[in-house]
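Here the structure comes first, spelled out in structure tokens, and everything after it is commentary.
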Protein chains: 2
Amino acid sequence: MVKTDMETPATTLAWRRRASRDARRTEIFRSLGLALRERGLASLTMQAIADRLGMTKGNLYYYFKNKQDLLYGCHLACMRLSLRALGDVRRSTEPPGTRLSQVLTRHIRAITDEVYGAVLLTDLESLTPAQRKRYVAMRDRFERGVRQIIREGIERGEFRKVDPRLAGFAILGAINWIPKWYNPKGELSSAEIADAFADFLVTALEV
Amino acid sequence: MVKTDMETPATTLAWRRRASRDARRTEIFRSLGLALRERGLASLTMQAIADRLGMTKGNLYYYFKNKQDLLYGCHLACMRLSLRALGDVRRSTEPPGTRLSQVLTRHIRAITDEVYGAVLLTDLESLTPAQRKRYVAMRDRFERGVRQIIREGIERGEFRKVDPRLAGFAILGAINWIPKWYNPKGELSSAEIADAFADFLVTALEV
DNA sequence: GTCGGTTTTGACCATAGCGTCAAATCAAGC
DNA sequence: GCTTGATTTGACGCTATGGTCAAAACCGAC
């Protein structure tokens, strides 16, 4: 049987619906991120998020069960990007320094460019225990991956002998704090910040 | 005229009143910090803060005009400690590395030991513009001080040639993120963390 | 143009949490 | 033990915000 255009996934009705729904959800994530970045946690109301998109508050509940759910979606979306960066690098044969640099750069850009990275500034307590558990599991996976690269660098003699756990906390803390001061309209582009930070943090480990 | 015990400041009625009031205010700061640390921003309600001290919510308003005011007090108290550390080190003739290490150590301990350092995790948008302005001025003073030490280290050839601004952001971000994961009942004491972090971060700059 | 499902609306409810206040309690000095 | 000012109470009002829902509008397929 021959596949016609109509049957290829990209033009299937169901497919288009789903894609459009996903796109809308992402728009909402971005709106949330912007609200957070521009006005702070204080203005993180469903109303504010909706307003920015020219939609009504009620409509948000067509896409997300409730506020927790929206927050959770943001957390997941952001973490998925960072985990993908980690995964990509796993297959690489580059030295630890290069690999770490790549992961950090992409982690930073996930946080800055996809605005919803600002969600890191909220607290996990607003999630349900189940959601928190799952998110924390992902986050731990990411942190372990980073520590693993650090450990490898130390074993190969390319990194100083630091405590991988603490070094990891320091490095990721430095990055996670970025949304607190980053201004997309400032002098430094997110790309510049990402490069500079990755460079500084990796060099901090080297020798 | 001879000063009697009754006239020495420490036993003056007004003095005692004031001291007791200040002590109470600090207790409240600590309670706020604990609520933040243990339950997250979500549980940062006046009620929760009062409960933890066995006092009523209404009573809090005898000590603080409103919630903003309380938050503001926390921010100031915490920043004052860090600024004092910076001031003390200014008079020192030690090399930049040592001085930076001292400032960072005390900054970390201000955040971890005086629990209310967790207030860093809230957002400045909950303050009035005037309060925010004043706090940000203090924070900037602190950040400039840190950058100044970094610059000096570079000039003396003791630190690598980094961008002092970005390095400062990275270093302080790593530290400010600590309340997010620090657990006073965990394996690592705050003193150990402070030393390890200061060491790691200063060495990151050296050579 | 009409039918079915999808999306959006806007009015509405419920409640958590801030902040108020008059009255009660406490404690130091005499 | 009385007086006076400092401190504390607890019940209350009010608003902001999360969340619901029935009805309307939309939109693509036929």
Side-chain angles (χ1 to χ4, degrees), chain A residues 4-7 10-28 31-32 35-36 39-74 122-123 125-128 131, chain B residues 4-7 10-28 31-32 35-36 39-74 122-123 125-128 131:
Chain A
T4 74
D5 271 357
M6 291 309 291
E7 285 162 347
T11 47
T12 271
L13 179 58
W15 187 92
R16 261 180 299 158
R17 287 252 167 79
R18 198 177 162 177
S20 136
R21 192 180 168 87
D22 282 356
R24 201 92 169 105
R25 286 171 63 105
T26 303
E27 274 187 309
I28 295 170
S31 178
L32 182 153
L36 213 42
R39 305 266 181 185
L41 256 174
S43 89
L44 193 61
T45 67
M46 295 301 265
Q47 190 64 62
I49 294 167
D51 285 351
R52 190 181 289 272
L53 288 170
M55 73 200 290
T56 57
K57 183 179 59 157
N59 200 3
L60 282 180
Y61 289 85
Y62 178 68
Y63 292 96
F64 297 94
K65 205 166 110 269
N66 52 36
K67 198 179 176 184
Q68 280 181 357
D69 210 46
L70 172 49
L71 259 293
Y72 179 56
C74 254
T122 64
D123 62 339
E125 275 78 6
S126 12
L127 304 180
T128 67
Q131 290 172 333
Chain B
T4 73
D5 271 359
M6 291 310 291
E7 285 162 347
T11 46
T12 272
L13 178 60
W15 188 91
R16 260 179 299 159
R17 287 252 167 79
R18 201 179 159 175
S20 137
R21 193 181 168 88
D22 283 355
R24 201 91 167 107
R25 285 171 64 106
T26 303
E27 274 187 310
I28 296 171
S31 178
L32 182 153
L36 212 43
R39 305 268 183 183
L41 255 174
S43 89
L44 194 59
T45 67
M46 294 301 265
Q47 190 64 63
I49 295 168
D51 284 353
R52 191 180 289 272
L53 289 169
M55 74 201 289
T56 57
K57 183 179 58 155
N59 199 4
L60 283 179
Y61 289 85
Y62 178 68
Y63 293 96
F64 297 94
K65 204 166 112 267
N66 53 36
K67 197 178 176 182
Q68 279 181 356
D69 210 47
L70 172 49
L71 260 293
Y72 179 55
C74 255
T122 65
D123 62 338
E125 276 77 5
S126 10
L127 303 180
T128 67
Q131 291 172 333

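Letters A, B, ... are given to chains in the order of the sequence lines, protein chains preceding strands, and every chain is numbered from 1.
- Regarding B/N59, its CG atom lies at a distance of 11 Å from the P atom of D/dG10, rounded to whole Å.
- Distance alone, capped at 3.5 Å, places no donor-acceptor pair between the A/D69 side chain and the A/F64 backbone.
- Both A/K65 and A/A42 lie near DNA chain D, and the one whose nearest nucleotide falls closer to the 5' end is A/A42.
- When the side chain to side chain donor-acceptor pair (under 3.5 Å) test is applied to A/T128, the partners found at least two apart in sequence or on another chain are A/Q131.
- Straight-line distance from the CG atom of A/L53 to the P atom of C/dT9: 11 Å, rounded to whole Å.
- Using a 4.0 Å heavy-atom distance criterion, A/N66 is classed as a sugar-phosphate-only contact.
- Regarding contacts with the backbone of D/dT7, every side-chain N or O of B/R24 stays at 4.0 angstrom or more from both OP1 and OP2.
- Looking at B/N59, its side chain never comes within 3.5 Å of a backbone N or O of B/A50 through a donor-acceptor pair.
- Listed candidates were D/dT8, C/dT6, D/dG18. Nearest to the side chain of A/Y62 is C/dT6.
- One atom, CZ of A/R21, and another, P of C/dT6, lie 10 Å apart when rounded to the nearest Å.
- No contact: A/L60 has no heavy atom under 4.0 Å from any strand.
- Checked by distance alone, A/K57 brings a side-chain donor or acceptor within 3.5 Å of a matching partner on the base of D/dG19.
- No more than 12 heavy atoms of other residues, nucleotides or ligands lie within 6.0 Å of CZ in B/R39, so this atom counts as exposed by the packing criterion.
- Distances were taken from every side-chain heavy atom of A/M46 (C-beta onward) to each of D/dG18, C/dC18, C/dT8; the shortest belongs to D/dG18.
- Counting non-hydrogen atoms under 4.0 angstrom, A/F64 reaches nothing in the nucleic acid.
- One can place CZ of A/R25 at 15 Å from C1' of C/dT7, the figure rounded to the nearest angstrom.
- The side chain of A/Y61 approaches D/dG18 more closely than any other nucleotide in the set C/dC18, D/dG18, C/dT9.
- A/K67 places no side-chain N or O within 3.5 Å of a backbone atom of A/S126 that could act as its donor or acceptor partner.
- If you take CE of B/M55 and C1' of D/dT7, they are 9 Å apart, rounded to a whole angstrom.
- Look at OH on A/Y63: it is 19 Å from P on D/dG18, rounded to the nearest Å.
- Note: CG (B/L44) to P (C/dA16) measures 18 Å, nearest angstrom.
- Minimum atom distance to the side chain of B/T45 is reached by C/dG17, of the listed D/dT9, C/dG17, C/dT9.
- Distance B/Q68 CD to D/dA16 C1': 15 Å, rounded to the nearest Å.
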